[in-house]
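Each chain gets a letter, A, B and so on, in the order the sequences are listed, and its residues count up from 1.
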There are 2 protein chains.
Amino acid sequence: MQYPAPIQELVDQLSRLPGVGPKTAQRLAFFLLNLPPGEAERLATAITTARRTIRYCSVCFNFTDVDPCALCRSGQRDDHVILVVEQPKDVVAMEKTREYRGRYHVLHGAISPMDGIGPEDLKVRELLKRLADQAVNEVILATSSSLEGEATALYLSRLLKPTGIQVTRIARGIPMGGDLDYTDEVTLLKALEGRREL
Amino acid sequence: MQYPAPIQELVDQLSRLPGVGPKTAQRLAFFLLNLPPGEAERLATAITTARRTIRYCSVCFNFTDVDPCALCRSGQRDDHVILVVEQPKDVVAMEKTREYRGRYHVLHGAISPMDGIGPEDLKVRELLKRLADQAVNEVILATSSSLEGEATALYLSRLLKPTGIQVTRIARGIPMGGDLDYTDEVTLLKALEGRREL
């Protein structure tokens, strides 16, 4: 016995979500079917509304519902600094520090030869165009500390060298509250290399 | 900085799914936003379609898109045996054995005083009505082996005693391929109690 077609289709669609296997998809489907009337539909509406209204900002390529996005339109931000991240969620993480006051640029990924992702698949060309069009003093490379993130940072630093713009990389080191003996040796090495006089 | 409202709403709605925390909801939201056009909408459509077309079967209370459901309409099943389960997914599990040929009854839960769930919250009254309306020889209690499932089975067995209908409980024991030393003592005890002559 199979499920009725509409349940099977729901399970199938839920199975396509990352990290959701057949068992979880089944559990989620029954959860949605058991919700009070209108509740499951709110999720459906949220999906279609987000897909209809959200696009890339034409300046920084962050997700936005107005173009340019709020961060690019803001008069309170420093135009001379651009912080480069891999993903829109990295912008949110950085904004939480409430310290950074420059602009952003979202690459939408990192260079990964294993996955066939090269610079041409990222918003690199668009970054170069921004740097050509406006006066920028510093580009902060805040790609992740993974192999791909490091490769992307290295690639961009070399690419931007001829422009004469200062290119910096966010520090790698021991995370706050991190114990030395629970920190891997590469991180420790980076922390040692990045030491500063007190 | 917050997300644009449509993204925030999508993250909020996804967060309400069981087992989905804020981080996972964010990951799922970005996954949906990055899908090719039309793909995310398929999930939205699957949700609304399932909610619109799926209801409880008026006989067995399994989920169905036609009433009565396929299992209740089938001429190939034995009307004299009803197997009682907690959830629709249990029907699917039982059908996979391809052995059981009787009918089903879905309680939609189990008795759980801790969660304030009593017999009146389950499809117990509906079961009694079925037993009064048609000739049934055996009711097989296939509620789960949890505290709640056992309590429900005990409650139903006492409730059905006066009807004179044979009430059975599915066997508890060592699962297939299960090692004795990895089996908890309650299961072992049940396996011992349920031993049969070979």
Side-chain angles (χ1 to χ4, degrees), chain A residues 1-14 16-20 23-24 26-35 37-55 62-66 69-71 74 87-89 91-92 94-96 98 108-109, chain B residues 1-14 16-20 23-24 26-35 37-56 62-66 69-71 74 87-89 91-92 94-96 98 108:
Chain A
M1 179 234 185
Q2 275 284 313
Y3 291 112
I7 298 187
Q8 192 59 52
E9 166 70 4
L10 180 54
V11 172
D12 289 347
Q13 290 302 323
L14 289 166
R16 302 172 65 211
L17 295 173
V20 175
K23 276 279 175 193
T24 307
Q26 181 187 279
R27 194 163 49 88
L28 293 176
F30 284 131
F31 172 83
L32 289 169
L33 285 169
N34 280 322
L35 282 176
E39 291 295 302
E41 288 80 355
R42 283 180 64 190
L43 171 57
T45 306
I47 294 170
T48 44
T49 304
R51 288 295 307 212
R52 203 180 57 240
T53 58
I54 298 295
R55 75 213 79 167
N62 195 359
F63 282 129
T64 183
D65 53 349
V66 278
C69 74
L71 285 165
S74 167
Q87 299 293 351
K89 65 177 192 292
V91 174
V92 180
M94 192 57 73
E95 281 298 285
K96 277 186 186 148
R98 296 176 176 274
H108 285 279
Chain B
M1 177 235 186
Q2 275 284 315
Y3 289 113
I7 298 187
Q8 193 58 53
E9 167 71 5
L10 180 55
V11 172
D12 290 348
Q13 289 301 323
L14 288 167
R16 303 172 66 212
L17 296 174
V20 176
K23 277 277 174 191
T24 306
Q26 181 187 277
R27 193 163 49 89
L28 293 177
F30 284 131
F31 172 83
L32 289 169
L33 286 170
N34 280 322
L35 281 178
E39 291 296 300
E41 288 80 356
R42 284 180 63 189
L43 172 57
T45 307
I47 294 170
T48 44
T49 304
R51 287 296 308 213
R52 203 181 57 241
T53 59
I54 299 295
R55 77 213 76 169
Y56 289 166
N62 194 0
F63 283 128
T64 183
D65 52 349
V66 279
C69 74
L71 285 165
S74 168
Q87 300 294 349
K89 65 177 192 292
V91 174
V92 179
M94 192 55 74
E95 282 297 285
K96 279 187 185 148
R98 297 175 174 275
H108 286 277

Okay, A:R16 and chain B: the region with an atom under 4.5 Å from a heavy atom over there is both

What part of B:L33 gets closer than 4.5 Å to chain A, counting heavy atoms only: side chain, backbone, both or neither? both

What part of B:R55 gets within 4.5 angstrom of chain A, counting heavy atoms only: side chain, backbone, both, or neither? neither

Heavy-atom distances under 4.5 Å only: say whether A:D12 touches chain B with side chain, backbone, both or neither. neither

Can you check side-chain contact (heavy atoms from CB on, under 4.5 Å) on B:R42 and A:E9, steps first, answer last? CA-CA 9 Å; B:R42 284 180 63 189; A:E9 166 70 4; 4.3 Å; yes

Side chain proximity check, A:I7 to B:D65, heavy atoms < 4.5 angstrom: no

Which portion of A:L43 sits near chain B, non-hydrogen atoms under 4.5 angstrom: both

Checked A:V66, A:N34, A:T24 vs chain B; the most non-hydrogen pairs under 4.5 Å come from A:N34

For residues B:F63 and A:F30, determine if any side-chain heavy atom of one lies less than 4.5 Å from a side-chain heavy atom of the other. yes

Chain B contact via A:Q26 - side chain, backbone, both or neither, heavy atoms under 4.5 Å: side chain

Given side chains that start at C-beta, do those of B:Q13 and A:T45 come closer than 4.5 Å, heavy atoms only? no

Apply side-chain contact (heavy atoms from CB on, under 4.5 Å) to B:L10 and A:T49, showing your working. CA-CA 9 Å; B:L10 180 55; A:T49 304; over 6 Å; no

Residue among B:G19, B:A46, B:P37 with most heavy-atom pairs under 4.5 Å to chain A: B:A46

With heavy-atom distances below 4.5 Å as the criterion, would you say the side chains of B:I47 and A:L14 are in contact? no

Interface residue of largest heavy-atom contact number with chain B, from A:A40, A:A29, A:A5, under 4.5 Å: A:A40

Out of B:V11, B:T64, B:T48, B:L28, return the one with the most heavy atom pairs under 4.5 angstrom to chain A. B:L28

How many angstroms lie between atom NZ of B:K23 and atom NZ of A:K89, to the nearest 0.5 angstrom? 7.5 Å

If you define the side chain from C-beta out and look only at heavy atoms, does anything of B:L35 sit under 4.5 Å from A:R51? yes

